[in-house]
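Nothing fancy with the numbering, it's 1 onward along the sequence. Remember, it's a predicted structure, so these values are computed and weren't measured experimentally.
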Amino acid sequence: MSADRPEEREAVIRTIAMPSDTNPAGDIFGGWLMSQMDLAAGNAAARRARGRCVTVAVDAMTFHSPVHVGDEVSVYADLISTGRTSMKFQVEAWRRSRDGDEQIKVTEAVFTFVAIDSGSRPRPLPPG
């Protein structure tokens with residue numbers, strides 16, 4: 001987990017939670033939030049791998065606090081390790097109310113990606 005406060009890092013994705021993203025209780029659906037995290041980590045993985053990657057695992061998904069309609073959601077993805085073909089990212093989602101400045105961590109998980117070639121087979125990561 002990154003010790004940096006969100007305002008000291010650059011978000012990979014920043015979006016607004018909308019009414020169509022709610023669960024039956026009226027909070028933002030956890031699956032929507034997880035998909036935003038996967039998009040952010042996938043973008044970071046593709047940049048590191050300089051090409052196509054696939055999600056192969058999500059570990060330790062923890063929901064700390066709900067997201068509400070209208071909240072700004074910022075997703076951060078920090079590379080924590082690499083293998084020959086794989087990468088692990090610590091991914092955090094933070095929310096900020098539309099009428100406030102306080103940022104609250106709402107979700108975190110570790111996402112694992114594998115770089116793949118044009119035949120969808122694992123390929124080595126480039127140096128870097």
Side-chain angles (χ1 to χ4, degrees):
M1 179 168 34
S2 174
D4 295 335
R5 297 179 45 82
E7 58 270 10
E8 297 167 353
R9 297 186 281 166
E10 183 177 341
V12 179
I13 287 180
R14 205 178 293 273
T15 190
I16 304 297
M18 300 300 286
S20 62
D21 304 319
T22 58
N23 62 26
D27 294 322
I28 296 303
F29 181 56
W32 176 85
L33 194 53
M34 186 175 182
S35 72
Q36 299 303 308
M37 294 170 74
D38 192 37
L39 285 169
N43 185 48
R47 290 179 70 184
R48 170 58 185 87
R50 296 189 194 104
R52 190 169 174 212
C53 298
V54 293
T55 309
V56 296
V58 179
D59 298 322
M61 188 83 173
T62 305
F63 293 91
H64 300 288
S65 177
V67 175
H68 307 288
V69 171
D71 285 351
E72 176 187 85
V73 176
S74 300
V75 184
Y76 302 87
D78 298 308
L79 182 65
I80 56 174
S81 68
T82 59
R84 191 176 78 76
T85 64
S86 65
M87 301 156 280
K88 286 190 177 200
F89 291 86
Q90 174 68 33
V91 184
E92 299 175 353
W94 293 68
R95 74 171 176 89
R96 183 186 61 80
S97 172
R98 65 185 317 157
D99 59 357
D101 292 325
E102 181 183 20
Q103 295 186 51
I104 299 167
K105 187 191 312 184
V106 293
T107 310
E108 62 185 314
V110 175
F111 283 70
T112 303
F113 288 82
V114 169
I116 59 172
D117 63 19
S118 59
S120 298
R121 292 177 300 274
R123 67 173 171 84
L125 292 173

Give a yes or no answer on whether the side chain of Arg123 reaches the backbone of Ala49 with a donor-acceptor pair at less than 3.5 Å. yes
Out of curiosity, [X] [atom1] to [Y] [atom2], how far, rounded to the nearest 0.5 Å?
{"X": "Thr107", "Y": "Met37", "atom1": "OG1", "atom2": "CE", "result": "5.5 Å"}
{"X": "Gln90", "Y": "Phe111", "atom1": "CD", "atom2": "CZ", "result": "10.0 Å"}
{"X": "Arg48", "Y": "Cys53", "atom1": "CZ", "atom2": "SG", "result": "9.5 Å"}
{"X": "Ser81", "Y": "Met87", "atom1": "OG", "atom2": "CE", "result": "10.0 Å"}
{"X": "Asn43", "Y": "Phe113", "atom1": "CG", "atom2": "CZ", "result": "9.5 Å"}
{"X": "Asp27", "Y": "Thr22", "atom1": "CG", "atom2": "OG1", "result": "8.5 Å"}

Salt bridge check, [Y] against [X]: does any charged N sit closer than 4.0 Å to a carboxylate O?
{"X": "Asp71", "Y": "Arg95", "answer": "yes"}
{"X": "Arg9", "Y": "Asp78", "answer": "yes"}
{"X": "Arg14", "Y": "Glu72", "answer": "yes"}

Where [X] and [Y] come nearest, the two heavy atoms and their spacing:
{"X": "Thr85", "Y": "Pro122", "result": "CG2-CB, 4.1 Å"}
{"X": "Tyr76", "Y": "Gln103", "result": "OH-OE1, 3.9 Å"}
{"X": "Val12", "Y": "Ala77", "result": "CG2-N, 3.9 Å"}
{"X": "His64", "Y": "Lys105", "result": "CB-O, 3.7 Å"}
{"X": "Ala41", "Y": "Val91", "result": "CB-CG2, 3.7 Å"}
{"X": "Ala44", "Y": "Phe89", "result": "CB-CE2, 3.7 Å"}

side-chain hydrogen bond (donor to acceptor under 3.5 Å, both in side chains) partners of Thr55, counting only residues at least two apart: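 Thr55 satisfies side-chain hydrogen bond (donor to acceptor under 3.5 Å, both in side chains) with Asp38 only.
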Considering the options Ile13, Thr15, Val75, which one meets the side-chain contact (heavy atoms from CB on, under 4.5 Å) requirement together with Leu39?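 Passing option: Ile13.
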Not counting sequence neighbours, which residues clear side chain to side chain contact (heavy atoms under 4.5 Å, CB included) with Met18? List them please.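 Partners of Met18 by the side chain to side chain contact (heavy atoms under 4.5 Å, CB included) criterion, ordered by chain and then number, come out as Ile16, Ser20, Asp21.
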Verify side chain to side chain contact (heavy atoms under 4.5 Å, CB included) between Met61 and Val110, making sure each step is shown before the conclusion. CA-CA 7 Å; Met61 188 83 173; Val110 175; over 6 Å; no
Go through Arg52 and Ser118 one step at a time and tell me if the side chain to side chain contact (heavy atoms under 4.5 Å, CB included) criterion holds. CA-CA 8 Å; Arg52 190 169 174 212; Ser118 59; over 6 Å; no
Answer with yes or no whether the hydrophobic clustering places Leu79 together with Val56; edges join I, L, V, M, F, W, Y residues whose side-chain heavy atoms lie under 4.5 Å apart.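 No; tracing contacts between hydrophobic side chains, which count when under 4.5 Å, never links both residues.
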Within one Ile-Leu-Val-Met-Phe-Trp-Tyr cluster: Val58 and Ile28, side-chain cutoff 4.5 Å: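 Hydrophobic grouping puts Val58 with Ile28.
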Would Met34 and Trp32 count as a side chain to side chain contact (heavy atoms under 4.5 Å, CB included) if you check the C-alpha gap in whole Å, the side-chain angles of each, and the deciding distance to 0.1 Å? CA-CA 5 Å; Met34 186 175 182; Trp32 176 85; over 6 Å; no
Residues, nucleotides or ligands: over 12 heavy atoms within 6.0 Å of Asp101 CG: no
